[in-house]
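The first residue of the sequence shown is numbered 1, and numbering continues consecutively from there.
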Amino acid sequence: MATTAQTSPLDDGRATMKHRALAQRCRDWKPGLLPALYLVGWAIFLLAVFIGIGLLVTKLGAHDAIGRADPATERWFARERAPELNKVTHYTTDLGETITVTAVGALLAIASRLLWRRWRESILVVVALAGEVLIFVSVTSLIDRHRPSVSHLDPAPPTSSFPSGHTAASVVLYLLIALLLVSRLQSGAIRKLLWIVALAIPVAVGLSRLYRGMHYPTDVLSGAALGAVWLLVAVKGVRLGALQRDLQPQPTTNGRKA
């Protein structure tokens, strides 16, 4: 497989002027403090936003058009069930299961360390996946929404139906895989194919959760939005930390920075 040397979504050339200026102003801070504050601040902001969305959906929006469309959509999916689709959606749902995301994420973190021979890409994997889980768990513990009132094809976890954790996790994981891999590929056709697959998997996971009666459409859409926004924040946060670190004099090992 042909690759380009040391390209990464976290390389300095991908940073905006705003982030460069911020890293420059904070170059004397303790390493790790700037990205930590950036990520925590955004996490708190997203937590507040999605709690607000959850309250709107479950309280104010329960009797409007969206409130009526959510259960109607679930009833339609329940009527369209078939043995073959039951099997397909079972395996598709597994792509967003906690054990799958954890295992693939661990392998991705290890592979990133070996591929770039530095830690920033591996740190991105951990920050993106762990941050999504923390925000999701916080939101779902504060928003009380029952699962759809149709038969469930999967065991219902004790968490709220809002938002969809499977969808959020699959958005983060598979877009993260594509983000890291496309930067190493020279073939434009393979890059496009990788992005198509990475986008298709979360869509399939979300539809499977709807089909199997585990979530309403607003749960899935909110989960997808949470995953996508947090992944963007994680990339920018880790890149910001790398910029700050690169501005500080430091020893090198074999001609490479950590």
For A109, check side chain to side chain contact (heavy atoms under 4.5 Å, CB included) against everything at least two apart and list the hits. S122, V125
Where the side chain of [X] meets the backbone of [Y], is there a donor-acceptor pair that is under 3.5 Å apart?
X	Y	result
R81	N86	no
T140	F162	yes
T102	I99	no
H215	Y211	no

Non-hydrogen atoms of [X] and [Y] that approach each other most closely:
X	Y	result
L153	M214	N-SD, 4.4 Å
Y174	T100	OH-CG2, 4.1 Å
A178	A198	CB-CB, 3.5 Å
P163	L226	CG-CD2, 4.4 Å
P217	E74	CD-OE2, 4.2 Å
V127	A234	CG1-CB, 4.0 Å

When rounded to the nearest 0.5 angstrom, what is the spacing between [atom1] in [X] and [atom2] in [Y]?
X	Y	atom1	atom2	answer
I53	L46	CD1	CG	9.5 Å
T92	E97	OG1	CD	11.5 Å
L55	I143	CG	CD1	4.0 Å
L47	L142	CG	CG	7.0 Å
R113	W119	CZ	CH2	5.0 Å
H166	T98	NE2	OG1	6.5 Å

Less than 3.5 Å apart, any donor N or O on the side chain of [X] or [Y] sitting next to an acceptor on the other?
X	Y	value
R212	T89	yes
T218	R145	yes
S160	R147	no
S161	D219	yes

How about NE2 on H146, more than 12 heavy atoms from neighbouring residues, nucleotides or ligands closer than 6.0 Å, or not? no
Side chains of [X] and [Y]: closer than 4.5 Å at any heavy-atom pair?
X	Y	result
V233	L39	yes
V171	L231	no
F77	S208	no

Is [Y] reachable from [X] through a run of I, L, V, M, F, W or Y residues, each pair having side-chain heavy atoms under 4.5 Å apart?
X	Y	result
V238	L240	yes
I190	L175	yes
L179	L193	yes

Which of these, V101, I201, V104, sits in a side chain to side chain contact (heavy atoms under 4.5 Å, CB included) with L95? I201
With side chain to side chain contact (heavy atoms under 4.5 Å, CB included) as the test, would you mind laying out the steps for T73 and Y216 before giving the verdict? CA-CA 8 Å; T73 302; Y216 294 104; over 6 Å; no
Quick one: sort the Y38 and W42 rings into parallel, tilted or perpendicular, breaks at 30° and 60°. tilted
When you look at S183 and W116, which way does the side chain to side chain contact (heavy atoms under 4.5 Å, CB included) test go after all the steps? CA-CA 11 Å; S183 64; W116 276 280; 3.7 Å; yes
Applying side-chain hydrogen bond (donor to acceptor under 3.5 Å, both in side chains), can you list everything that pairs with E121, at least two apart in sequence or on another chain? S8, R118
